[in-house]
Amino acid sequence: MDLKPTKPLSGFIELLPVQQRCFDYCTSRMMDVLRRSGYNRLDLPAIERAEVLTDKDNWDEIETQMFLFQKGDTKMGLRYDGTVGLSRYVAGHLNDLTFPLYTYQFARNYRGERPQRGRYREFWQMDIDILGLQSLSTNYDAEIVATLSKMYESISDIVGNVIIKIGNRKFWNAMFEYLGLSEDQSREAFVLIDKRDKISGFVDALTDVVGAQKANEIESVFQNGYRSFLNKTESLDSSISEMDEFINLLNSMGIKNAEIDVSIMRGHSYYTGIVYEFFSVNYPELPAVGGGGRYENLASKFSKTKIVGVGASVGVSRLLVALMEMAKIDLSRFENPVDVAVLVMGDNNVAYAMNIVSQLRDAGIVAIPYLDTDKKFKNQIEYADKIGARFAAIIGDDEVSKNQVALKNMENGNQETLSVADAIKTIKVK
RNA sequence: GCGGGUGUAGCUCAGUUGGUUAGAGCGUCGGUUUGUGGUACCGAAUGUCGCCAGUUCGAAUCUGGUCACCCGCCCCA
């Protein structure tokens, strides 16, 4: 009989126990930040109606980008980010929610695109959003960035530091208006500016779209700074001061690793204002490890009430799994989760041993029993060694008759026979 | 969808200008005191050499096709 494949599908991730412990440690630290900050956890369905996920009606085209399928007449698909489901959720529960609403989600998302390093088809994302009705001050954008920054800070001992790059879509809208670009030209210019640091002939490519003079004006934003366009038009002025005020607010919240980079655009077209991306300082070759921005109109397809959001997400898989794959994370501190391996010799001693396991666990000690009592003792102690247990508690006929345990320190090999209470004391002294 | 690369043991990979029974390290299992691990020593198991066809007396090796994976592009609503 042919054996079936053991590898998961391409682009899907599974971790070894030590990696998973690191992953869980990091995500729980980040969620601690969110809980302390008062955000509400939402756990939304992984599957949505296809019409919720996309406005496009070209099934073939979107099928290449999303996981879509059909049951009966219902077309549905796996969510590709947290924002769409959140918009639907908020629009559907307007009467039960209080705004501004602070939310977070920690969930798997799915994309059908071809996988690459740091780009998976199934990945964890931590989304944080603040939603308001009718309007939401720019101060909330800063709150989101500051909270995101704290989340990264909470795991900086594992993954290093991040830098925050902040852009503003309003700036470019004002700029294109000032330059008199058509809608098509604006759209193409958006894409080019977004890719500015990736492509070689930026000005040439831009010249093809908008002509040499305007291309040079756009390039001068990068050469002379965005502030050189002050006092041109009212909307330019306001978008520029919006960025400056934003940075000042972040500074006053203790965020020092943020800078304006007007080439930051973000792919999602629903963003309308301030946008930002987070990059790893130590591993700049990694794509953005998080980002977000403001979306004024996303829920318009679900509700006539205007719902405004500012939100961001941490690409948890990209950040952690990609770094683990590149062997950039020191996993040694996650290697020894077990305090005591309880080894049992003889089936007739199992009850006594399990009682001790229970006492150890009640005392807050991580204890696991080795219950194949017919295995040779050598195998048992080897197991204790391999799982990195700090101690082995050995239980055979002698120990049971004396109502004690033989406690062996696996690091130095010292062994003594103790009462359970004394064993607990010894184990607890780290 | 496009371009490039790689497919040999559970894993990482060797494998000479095509030549007999296919190799190493690590891991696994067993043994070197049946109540004592890490180190050391001895031994064992495991491969349709990704798949199909072709060239050849002979293919892991050369050619074509195909599939899978990796890297990059497109895309990122």
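Here is how names work: the chains are called A, B, and so on, in the same order as the sequence lines, proteins then strands, and each is numbered from 1. Hydrogens, waters and symmetry mates play no part in the numbers below; they use all other heavy atoms, side chains included.
Here Ile394(A) lies in heavy-atom contact (under 4.0 Å) with a base. In this structure, Gln415(A) reaches the bases: a heavy-atom distance under 4.0 Å links it to at least one base atom across the strands shown. Asn414(A) comes within 4.0 angstrom of no nucleic acid atom, judged by non-hydrogen atoms across all strands.
For the pair Arg390(A) CZ and rG37(B) C1', the computed distance is 17 Å after rounding to whole Å. Whole-Å rounding puts the Tyr80(A) OH to rC75(B) P distance at 17 Å. Look at CG on Asp397(A): it is 10 Å from C1' on rG35(B), rounded to the nearest Å. Here rG35(B) presents its C1' atom at 15 Å from OH of Tyr370(A), a figure rounded to the nearest Å. With rounding to whole Å, Ile387(A) atom CD1 is found 16 Å from rG37(B) atom P. rU36(B) atom C1' lies 14 Å from atom CG of Asn412(A), rounded to whole Å. Residue Lys402(A) contributes atom NZ, which lies 16 Å from atom P of rG35(B) at whole-angstrom precision. Residue Leu16(A) contributes atom CG, which lies 18 Å from atom P of rG10(B) at whole-angstrom precision.
Only the P atoms considered, rG23(B) is 34 Å distant from rC67(B), to the nearest whole Å. If you take atom C1' in rU61(B) and the same atom in rG54(B), they sit 15 Å apart, rounded to whole Å. Comparing the same atom, P, in rC49(B) and in rU21(B) gives a spacing of 13 Å after rounding to whole Å. Spacing of P atoms, rG25(B) relative to rA44(B), comes out at 13 Å, to the nearest Å. Separating the P atom of rC26(B) from that of rC76(B) is a span of 50 Å, rounded to the nearest Å. Taking atom P on both rG65(B) and rG30(B), the two are 49 Å apart, rounded to the nearest angstrom. Atom name P, nucleotides rG31(B) and rG38(B): the rounded distance is 14 Å, in whole Å. Between rU66(B) and rG5(B), the distance separating the two P atoms is 16 Å to the nearest Å.
Counted by atom type alone, Ser280(A) and Asn282(A) present zero donor-acceptor pairs between their side chains at under 3.5 Å. Between the side chains of Arg21(A) and Tyr25(A), no donor-acceptor pair of N or O atoms lies under 3.5 Å. A donor atom on one side chain and an acceptor atom on the other are not found under 3.5 Å apart for Asn139(A) and Glu143(A).
Side-chain atoms of Glu399(A) come within donor-acceptor range of the base of rG35(B), with a qualifying N/O pair under 3.5 Å. Residue side chain Lys376(A) does not reach the base of rU34(B) through any donor-acceptor N/O pair under 3.5 Å, judged by distance alone.
The residue among Leu9(A) and Glu411(A) whose nearest nucleotide of RNA chain B is located toward the 5' end is Glu411(A). Mapping Lys378(A) and Gly413(A) onto RNA chain B by nearest heavy atom places Lys378(A) at the nucleotide closer to the 5' end.
Between Arg187(A) and Asp184(A) there is a salt bridge, since at least one side-chain N of the basic residue sits less than 4.0 Å from a carboxylate O of the acidic one.
Considering only the side chain of Lys195(A), rC75(B) comes nearest among rC75(B), rU32(B), rG38(B). Here rG30(B) is the nucleotide among rC75(B), rG30(B), rG37(B) with the atom lying nearest to any side-chain atom of Asn379(A). Among rC70(B), rG35(B), rU32(B), the nucleotide with an atom closest to any side-chain atom of Ser10(A) is rC70(B). The side chain of Ile381(A) lies closest to rG37(B) when the candidates are rG37(B), rG35(B), rC76(B). Comparing atom distances between the Ala406(A) side chain and each of rG37(B), rG35(B), rC74(B) picks out rG35(B) as nearest. For Phe377(A), taking side-chain heavy atoms from C-beta onward, the closest of the listed nucleotides rG35(B), rC29(B), rC76(B) is rG35(B).
A distance-only check finds a donor-acceptor pair linking the side chain of Ser317(A) to the backbone of Trp124(A) [under 3.5 Å].
OP1 or OP2 of rU28(B) sits under 4.0 Å from a side-chain N or O of Lys386(A).
Taking the centre and axis of the six-membered ring of Tyr140(A), the NZ or CZ atom of Arg294(A) falls outside the cone set by 45° and 6.0 Å.
Just one residue in the list Asn355(A), Ile368(A), Ile427(A) forms a side chain to side chain contact (heavy atoms under 4.5 Å, CB included) with Leu360(A), and that residue is Ile427(A). Across Val344(A), Asp397(A), Val357(A), Asn403(A), a single residue satisfies side chain to side chain contact (heavy atoms under 4.5 Å, CB included) together with Tyr352(A), and that is Asn403(A).
Residue pairs that meet the salt bridge (charged side-chain N to carboxylate O under 4.0 Å, His left out) test with at least one member in residues 356-369 of chain A, sequence neighbours left out, do not exist here.
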Watson-Crick and G-U pairing of RNA chain B, under 3.5 Å, as dot-bracket with | and [ ]: (((((((..((((.....[...)))).(((((.......))))).....(((((..]....))))))))))))....
